[in-house]
Number of protein chains: 2
Amino acid sequence: MFQLSKKVEYGLIALRHMAMHPMGQVFTAKELAREYDVPYELLAKVLQKLARAGIVHSTQGVRGGYALGSDPRAMTVATVIQIIEEEKPMIAECYVEGPDSCSIFDSCTIRKPLGKVQRDLNILFDKMTIHQII
Amino acid sequence: MFQLSKKVEYGLIALRHMAMHPMGQVFTAKELAREYDVPYELLAKVLQKLARAGIVHSTQGVRGGYALGSDPRAMTVATVIQIIEEEKPMIAECYVEGPDSCSIFDSCTIRKPLGKVQRDLNILFDKMTIHQII
DNA sequence: TTGAAATCCGACTTCAGGAGTCCGATATTG
DNA sequence: CAATATCGGACTCCTGAAGTCGGATTTCAA
Ligand code: SF4
Ligand code: SF4
């Protein structure tokens, strides 16, 4: 409960790895996977999503791989999660799926109070950058 | 992802309901379930756990039910979660299940940095009480 | 004393989503 | 052309959340 997914963890590890090396250096998914004992196919997918979002740059073919696409200091954990999970970390189902998703939406008395927790949570993830986890 | 479970939500709703009435007043699981359109059996289990932990008081038999067992101002969301889920809200698997639970524990480079997030998360849930969600 | 009303407890089913795998297509270099 | 990389989708496997069921126990009141 309340754990972030393996995909996110793998993504953060990979990003951190790139951030520790000179900007622009290229790493293949395979070598990253071997380095950290992470399943290759899974990590590859994560990197593909990050590439589509533009925070890493990908080059195909021989001598290809992934390189950091932007400044690690401006790269927040919140954005990384949102890209990989395709949604922000939300504390309640109805916040992301809408009123119809929860059967007790109308009679729920904690939805509004939880908004404050959600807000603090956003701040928490927004203020942490990739650079900070080095 | 990152949503708190229905059990926790139901528990919070029930506790809030009791906290809004004079201390010591008794409510049956059935009437609470009807009031908020929550599955009776599920809510009952949650209340039983809360009772075993002592934060609500239960009386069996006719005219029985549940009553608040302690001050809502001293009752934090963190404790409620811990009682219902039988564990604190942890951001990483290895934090709750130990080193052997994660196959990449040894090569993981984000475990320590995530500790700071975990700490902030604890504070977040610790400082919110049942009384505050009224 | 008996029955209704309530908690109590465990086992069970159902289902969605996370984790991981596989295969074929595409692009790039030498 | 061949080797090496990303790309993208479909697929399986399995855990855990959510909900259900049946029966035992306790208590009160008629
Ligand atoms: S409505 Fe209340 S219970 Fe349903 S998801 Fe939103 S917060 Fe949770
Ligand atoms: S070791 Fe790293 S990856 Fe494995 S659970 Fe702990 S934090 Fe997540």
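Order of the sequence lines fixes the chain letters, A, B, ..., with proteins taken first and strands second; residue numbering starts at 1 for each chain.
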Pull out every protein N or O sitting under 3.5 Å from an N or O of nucleotides 14-18 of chain D, one pair per line with the distance.
residue : atom : partner : partner atom : Å
D:dA18  : OP1  : B:Lys6  : N            : 3.1
D:dA18  : OP2  : B:Lys6  : N            : 3.1

Under 3.5 Å, side-chain donor or acceptor atoms of residues 65-75 of chain A against the rest of the protein: list the pairs with distances, not counting sequence neighbours.
residue : atom : partner  : partner atom : Å
A:Asp71 : OD1  : A:Arg73  : N            : 3.2
A:Arg73 : NH1  : A:His131 : NE2          : 3.2

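- Bracketed by its first and final contacts, the part of DNA chain C lying under 4.0 Å from non-hydrogen atoms of chain A reaches from C:dA19 to C:dT29 in 5' to 3' order.
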Which side-chain N or O atoms in residues 113-122 of chain B pair as donor and acceptor under 3.5 Å with protein atoms at least two apart or in another chain?
residue  : atom : partner  : partner atom : Å
B:Gln118 : OE1  : B:Ile91  : N            : 2.7
B:Gln118 : NE2  : B:Pro89  : O            : 3.0
B:Gln118 : NE2  : B:Asn122 : OD1          : 3.0

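- For B:Ser5, the side-chain hydrogen bond (donor to acceptor under 3.5 Å, both in side chains) test picks out B:Glu85, with sequence neighbours left out.
- The ring pair (Phe, Tyr, Trp, His ring centres under 6.0 Å) search around B:Phe125 returns A:Phe2, not counting sequence neighbours.
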**Asked** Could you run down nucleotides 2-9 of chain D 5' to 3' and tag each one B, S or - for protein heavy-atom contact under 4.0 Å?
**Response** -BBBBBBB
Name every donor-acceptor pair, under 3.5 Å, that has one atom in a side chain of residues 30-47 of chain B and the other anywhere in the protein, sequence neighbours excluded.
residue : atom : partner : partner atom : Å
B:Glu31 : OE2  : B:Thr28 : N            : 3.0
B:Tyr36 : OH   : B:His17 : ND1          : 2.6

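- Between the side chain of A:Arg16 and the backbone N or O of A:Ile130 there is no donor-acceptor pair closer than 3.5 Å.
- By the 4.5 Å side-chain criterion applied to Ile, Leu, Val, Met, Phe, Trp and Tyr, A:Met20 is assigned to a cluster that also includes A:Ile134.
- Shortest non-hydrogen contact noted between A:Tyr95 and A:Arg111 is OH-O, 2.5 Å.
- Near DNA chain C, meaning a heavy atom under 4.0 Å away, there are no residues from residues 14-21 of chain B.
- With sequence neighbours excluded, the residues that form a side-chain contact (heavy atoms from CB on, under 4.5 Å) with A:Val96 are A:Glu87, A:Met90, B:Gln3.
- Between B:Ile84 and B:Val8, the closest heavy-atom pair is CD1-CA, 4.0 Å.
- B:Glu93 pairs by the side-chain hydrogen bond (donor to acceptor under 3.5 Å, both in side chains) definition with A:Lys6, not counting sequence neighbours.
- For the residue pair A:Met1 and B:Leu4, the shortest heavy atom distance occurs at CE-CA, 3.7 Å.
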